[in-house]
Protein chains: 2
Amino acid sequence: MKRVSLKDIAKQAGVVPSTVSFVLNGKAKQMRISDELAEKIRALIEAAGYQPHHTAVSLRTGKTKILGLIVEDISNVFFASLAKSIEDAAYSLGYRIVYCSTENDPEKGKELIRMLTHQQVDGYLITPTPGMENDINNLIKNNKPVVLMDRFLPGLDVPFTLVDNYAGVKLGMEHLLGKGYKNIAFVTLDTQQIQMLQREKGYKETLKRHGIEVRNELIEKIPFKSRPEDAIKQVSEFIKSNPDIDAIFFATNYLGMYGLESIKKAGLKIPEEIGVICFDDHDIFRLFTPAITIIRQPIEEIARSAIEMLISLLENNYTVTAESHVYKKPELVIRSST
Amino acid sequence: MKRVSLKDIAKQAGVVPSTVSFVLNGKAKQMRISDELAEKIRALIEAAGYQPHHTAVSLRTGKTKILGLIVEDISNVFFASLAKSIEDAAYSLGYRIVYCSTENDPEKGKELIRMLTHQQVDGYLITPTPGMENDINNLIKNNKPVVLMDRFLPGLDVPFTLVDNYAGVKLGMEHLLGKGYKNIAFVTLDTQQIQMLQREKGYKETLKRHGIEVRNELIEKIPFKSRPEDAIKQVSEFIKSNPDIDAIFFATNYLGMYGLESIKKAGLKIPEEIGVICFDDHDIFRLFTPAITIIRQPIEEIARSAIEMLISLLENNYTVTAESHVYKKPELVIRSST
DNA sequence: CTGAAAGCGCTTACAG
DNA sequence: CTGAAAGCGCTTACAG
């Protein structure tokens, strides 16, 4: 059983292949093909289950309809679900995704960009790591469409979509303050990544706005690539040496995971003895406690927005404007304790 | 900057494109092209950084050099690292991978096969779910190369590579028995998947071989899609109602994760009060205890073997023989407790 | 060894 | 609206 080609459809319809092609590509009107004929051709296409030969189209048009997705670490649940959402959104718009992780290594990032370029992707979706500025600039210079996600690189005029990190922490902090917690600690990563800085800013400014003094000893920074044991130890000691802490805001899901273990070690009850909020969820939380409140990123929305911007860039000569910087609203999720 | 084509190289070398193509495809000898000329052409290719246009090659040869990988659940660490290894192995042999998960749903599996077929993959790597027999048979009938991984479907004569599940559990059981544990429990999934049945068989037969009676009350089966809370509860109750248990073999890493939480709840010390072995590792284990012994699958070996079989099928008219059923030796990893 | 040519399955500019 | 044709970048059978 040979696959049907556009030529076969043309023969069946008694027209020349060009006509079928025009109908297929929505240029029927433009080419003044009668509605009647167009409808007949569409029916034949449908009946035959004809699908254009992707490779042939690519060769002819120079477009692969493949987008490259570079995330920081695909084994991290957050990036995994982001990748999944991106894939679904892209697929529904007729694009495919090739993806790979930088493992936070700019060298690897450079290599991946080269690989994707060789695979002739039409555009790039990137969660950038500091150090990738030049590579991303190169793409832009070569007129390759790029959209950043999850974070951006200050100084690069590239479209991006990410959660409003500042607003997310503010939302969580106000929830904790509303519950009556007074000495709220903030556990974050020791990194200059923009999204982490914005989260820290959210913590500090919400306190200030409520007339509460920011105590630097209540902000604990965990080295970026700590081993779990070390991170747990550090958080444990932090909790022990600040016995007046009555709530903790964990700035990432991995920190939350380590933090929950530390809290368990300390024998503290959540939420009676210590309130906990975490930015991003993790399956594992349910192993520890039902009583953790989550700041949830609208991952599907972020994915869809990023994909739509990229495709606009690709298809509509959309240009970068102030509207190319999209912040999505995070959500506060209170886990029921049943 | 336009990309260089085969034609450009031919012009530079003062030969006709065919000649370059022959050199490129290792047919220089066969076409009696002098070593000298071939070398000159190779040098030009190198110097120009020429890369064949993948799309054009595909269109001409009808081969995409893309393999479809269908795993059960890409968010599971085991499948994620399998996918990564597969990707690396394939890439080094000049193939790319498109992957997707069935989420253990045969309907989804069918849909994915259709999708991959439409994307014109050259071959399929599948971790089959019961219920996919027909779809896989269809592929075979249509002469599509298929290699199964991680498990196989009894009754389907398809090549596969997987770990020797029976030997893995035997290895672990003998380790526990050697340490002097007497009442070893086995916690597994309530499923008919072949790899799980083989693990159970490994448990039972090792006991028998050592003259120890198999006590069915020491085998606990957790429903396939339990929520973490429920699984933890079930294991906890199992431990409580069998106080003579002095060691537990967890048949999967997820079971181990739930099990460790249950053991912690029960206040039992590992390994003094209870020995623990788990089939497959999980990052999270380190949060609970360093003293867990792992039966490790040689994932890279499995990946490489599967890829090589598939490519042989594709390129060398390799046919299915007894040697197409490959079992890889698992490894016992004892975590140091420091 | 070389050359000329066909063709993979499409899209699109051109002439009518 | 229709037809004839070129061409995307390759590979390969054919004739010399």
Side-chain angles (χ1 to χ4, degrees), chain A residues 1-42 44-45 48-66 94 117-120 122 315, chain B residues 1-42 44-45 48-66 94 117-120 122 315:
Chain A
M1 49 164 235
K2 230 177 117 288
R3 74 180 276 155
V4 302
S5 71
L6 182 143
K7 235 178 182 168
D8 298 331
I9 302 287
K11 206 170 293 173
Q12 285 175 37
V15 300
V16 82
S18 332
T19 312
V20 179
S21 176
F22 291 137
V23 169
L24 212 50
N25 295 300
K27 299 190 176 167
K29 282 265 177 291
Q30 191 179 329
M31 290 298 154
R32 301 194 219 174
I33 294 164
S34 71
D35 289 355
E36 197 186 354
L37 179 57
E39 210 35 72
K40 178 183 166 194
I41 291 174
R42 269 189 280 267
L44 283 170
I45 287 173
Y50 167 73
Q51 304 263 35
H53 194 295
H54 185 247
T55 308
V57 176
S58 286
L59 181 59
R60 180 58 234 240
T61 60
K63 303 287 173 197
T64 54
K65 293 260 184 179
I66 299 179
T117 306
H118 172 225
Q119 290 191 18
Q120 291 147 243
D122 291 344
E315 298 183 349
Chain B
M1 45 166 235
K2 231 176 117 289
R3 76 181 272 156
V4 302
S5 72
L6 183 144
K7 235 178 183 168
D8 299 330
I9 302 287
K11 206 169 292 170
Q12 285 174 36
V15 300
V16 83
S18 332
T19 311
V20 179
S21 175
F22 292 136
V23 170
L24 212 50
N25 294 301
K27 298 189 177 168
K29 282 264 177 289
Q30 191 179 328
M31 290 296 153
R32 302 194 218 172
I33 293 166
S34 71
D35 288 355
E36 196 186 356
L37 179 56
E39 210 34 72
K40 176 183 167 194
I41 292 174
R42 269 189 281 267
L44 283 170
I45 287 172
Y50 168 72
Q51 304 262 35
H53 194 295
H54 185 248
T55 308
V57 176
S58 285
L59 181 59
R60 181 57 233 241
T61 62
K63 302 289 172 195
T64 54
K65 294 261 185 177
I66 300 179
T117 306
H118 172 226
Q119 291 192 17
Q120 290 146 242
D122 291 344
E315 298 183 350

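Quick note: numbers below take in every heavy atom, side chains included, and nothing from hydrogens, waters or symmetry partners. None of the values given here were measured: they were computed from a predicted structure. In what follows, chains are A, B, ... by sequence order, proteins preceding strands, each numbered from 1.
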*Under 3.5 Å, is there a donor-acceptor pair between the side chain of A/Lys65 and the main chain of A/Gly94?*
no
*Residues in side-chain hydrogen bond (donor to acceptor under 3.5 Å, both in side chains) with A/Gln119, at least two apart?*
B/Arg96
_Between P on D/dC8 and CG on B/Asp8, what's the gap in Å once rounded to a whole number?_
11 Å
*Sequence neighbours left out, what passes side-chain hydrogen bond (donor to acceptor under 3.5 Å, both in side chains) with B/Gln120? Give chain and number order.*
A/Arg3, A/His53
*Sequence-distant partners of B/Thr61, side-chain hydrogen bond (donor to acceptor under 3.5 Å, both in side chains), two or more places apart*: none
_Separation of atom NZ in A/Lys40 from atom C1' in D/dT2, rounded to whole Å_ = 14 Å
*asked:* Nearest 0.5 angstrom please: B/Ile41 CD1 to B/Leu6 CG, how far?
replied: 9.5 Å
*Could you check how far CD of A/Gln120 sits from P of D/dC8, rounded to whole Å?*
15 Å
*Over how many whole Å does the gap from A/Ile45 atom CD1 to C/dG9 atom C1' extend?*
14 Å
*How close or far is atom P of C/dG9 from atom NE2 of B/His53, stated in whole angstroms?*
17 Å
*Give each stem of DNA chain C as a range with a range, requiring at least 3 consecutive Watson-Crick or G-U wobble pairs whose two distances are under 3.5 Å.*
C:1-3 with D:14-16, C:5-12 with D:5-12, C:14-16 with D:1-3
*Approximate separation, where rounding is to 0.5 Å, of A/Leu44 CG and A/Glu39 CD*: 10.5 Å
*Looking at CG of B/Asp8 and CD1 of B/Ile45, how far apart are the two atoms once the value is rounded to the nearest 0.5 Å?*
12.0 Å
*Which residues share a salt bridge (charged side-chain N to carboxylate O under 4.0 Å, His left out) with B/Arg60, sequence neighbours left out*: none
*Within this structure, what is the CZ-to-P distance between B/Arg32 and C/dT2, rounded to whole angstrom?*
13 Å
*Starting from C1' on D/dC8, measure out to NE2 on B/His54 and report it in whole angstrom.*
16 Å
*Between B/Lys11 (NZ) and C/dG3 (P), how many Å, whole number?*
14 Å
*Answer with base, sugar-phosphate or nothing: what part of the nucleic acid does B/Leu59 contact at a heavy-atom distance below 4.0 Å?*
base
*What are the two closest heavy atoms between B/Val4 and B/Tyr50, and how far apart are they?*
O-CD1, 3.4 Å
*Just by protein heavy atoms under 4.0 Å, how would nucleotides 11-16 of chain D read 5' to 3' in B, S and -?*
BB----
